[in-house]
Amino acid sequence: QVQLVESGGGLVQPGGSLTLSCVISGSRGRINTMGWYRQAPGKERELVADITSGGSTNYADSVKGRFTISRDNAANTLYLVMNNLKLQDTGVYYCKVDVRTIVNVEGAYYDRDYWGKGTLVTVSS
């Protein structure tokens, strides 16, 4: 069974920095895209950033220039470095991984997403 464990959340002042980590264990297939999502109170979960197995990254416009996503494939770990944090960055941050499983010799496959339980980031003065 796949398990994702996030860490690094906490209380930080505006302009401060935090680094989030996500450790993935129990994957039987290949981990493709990995990403960070966040959910503020009363709002829907939104994509913050993701990164492909080849290292290509994608960021929400609201975090470009401030956040950096990276991955350590050997360690099955995903990171999010958050700089110059703003009040609007407050929310529960979730790690998500896409696991691809090849099911036959013709190359057919299926992808399945797995989610962590989240880590709370609170930006407040």
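Computed from a predicted structure; not experimentally measured.
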| Whether Tyr114 side chain and Gln1 backbone form a donor-acceptor pair below 3.5 Å | no
| said: Is the positively charged end of Arg45 above the ring of Tyr94, judged by distance under 6.0 angstrom from the centroid and angle within 45° of the axis? | reply: yes
| remark: Heavy-atom closest pair (Ser27 atom, Val99 atom, distance to 0.1 Å) is OG-CG1, 3.8 Å
| Which pair of non-hydrogen atoms, one from Ile102 and one from Asn104, has the smallest distance, and what is that distance? | CG2-O, 3.6 Å
| said: Test side-chain contact (heavy atoms from CB on, under 4.5 Å) on Trp115 and Leu4; report intermediate values, then the result. | reply: CA-CA 6 Å; Trp115 293 86; Leu4 283 63; 5.6 Å; no
| Test salt bridge (Lys or Arg N to Asp or Glu O under 4.0 Å) applied to Lys64 - qualifying residues, sequence neighbours left out | Asp61
| said: Which heavy atom of Tyr109 sits nearest to which heavy atom of Val103, and what is that distance? | reply: N-CG2, 4.1 Å
| task | Determine yes or no for a side-chain-to-main-chain donor-acceptor pair under 3.5 angstrom, with Gln3 supplying the side chain and Ile24 the backbone. | result | no
| Can you tell me if Ser124 uses its side chain to pair, donor with acceptor, with the backbone of Thr122 under 3.5 Å? | no
| task | Please round to the nearest 0.5 Å and tell me the distance separating atom CG of Asn73 and atom OG of Ser53. | result | 7.5 Å
| note | So OG of Ser70 and CD1 of Ile51: to nearest 0.5 Å the spacing works out to 6.5 Å
| message | Can you tell me how far apart OG (Ser125) and CG (Leu87) are? Round to the nearest 0.5 Å. | response | 6.5 Å
| query | Can you check whether Leu80 reaches Thr68 side chain to side chain, under 4.5 Å on heavy atoms? | reply | no
| query | Any salt bridge (charged side-chain N to carboxylate O under 4.0 Å, His left out) pairs touching residues 81-92, not counting sequence neighbours? | reply | Arg38-Asp89, Arg66-Asp89
| message | Between Leu47 and Asn58, is there a side-chain heavy-atom distance shorter than 4.5 Å? | response | yes
| message | Less than 3.5 Å apart, any donor N or O on the side chain of Asn83 or Ser17 sitting next to an acceptor on the other? | response | yes
| Hey, does Val48 have a side-chain heavy atom less than 4.5 Å from the side chain of Tyr59? | no
| field | Val121 reachable from Val92 in the ILVMFWY side-chain graph, under 4.5 Å edges | value | no
| Taking atom CG of Asp50 and atom CG of Leu78, what is their separation to the nearest 0.5 Å? | 9.5 Å
| request: Please determine, by modelled atom types, if Arg30 and Asn32 share a side-chain donor-acceptor pair under 3.5 angstrom. | output: no
| field | Under 3.5 Å donor-acceptor, Thr119 side chain and Gly9 backbone | value | yes
| Would Tyr79 and Tyr37 show up in the same hydrophobic cluster when neighbours are defined by side-chain heavy atoms closer than 4.5 Å? | no
| said: Let me confirm one number: the CG-CE distance from Leu20 to Met82, rounded to the nearest 0.5 Å. | reply: 3.5 Å
| said: Test ring-ring contact (aromatic ring centres under 6.0 Å, His included) on Phe67 and Trp36; report intermediate values, then the result. | reply: CA-CA 11 Å; Phe67 292 10; Trp36 289 99; over 10 Å; no
| note | Interatomic distance, CZ@Arg100 vs OG1@Thr33, rounded to 0.5 Å, equals 8.0 Å
| query | Could you walk me through whether Asp111 and Asp113 pass the side-chain contact (heavy atoms from CB on, under 4.5 Å) check? | reply | CA-CA 7 Å; Asp111 292 343; Asp113 292 338; 5.7 Å; no
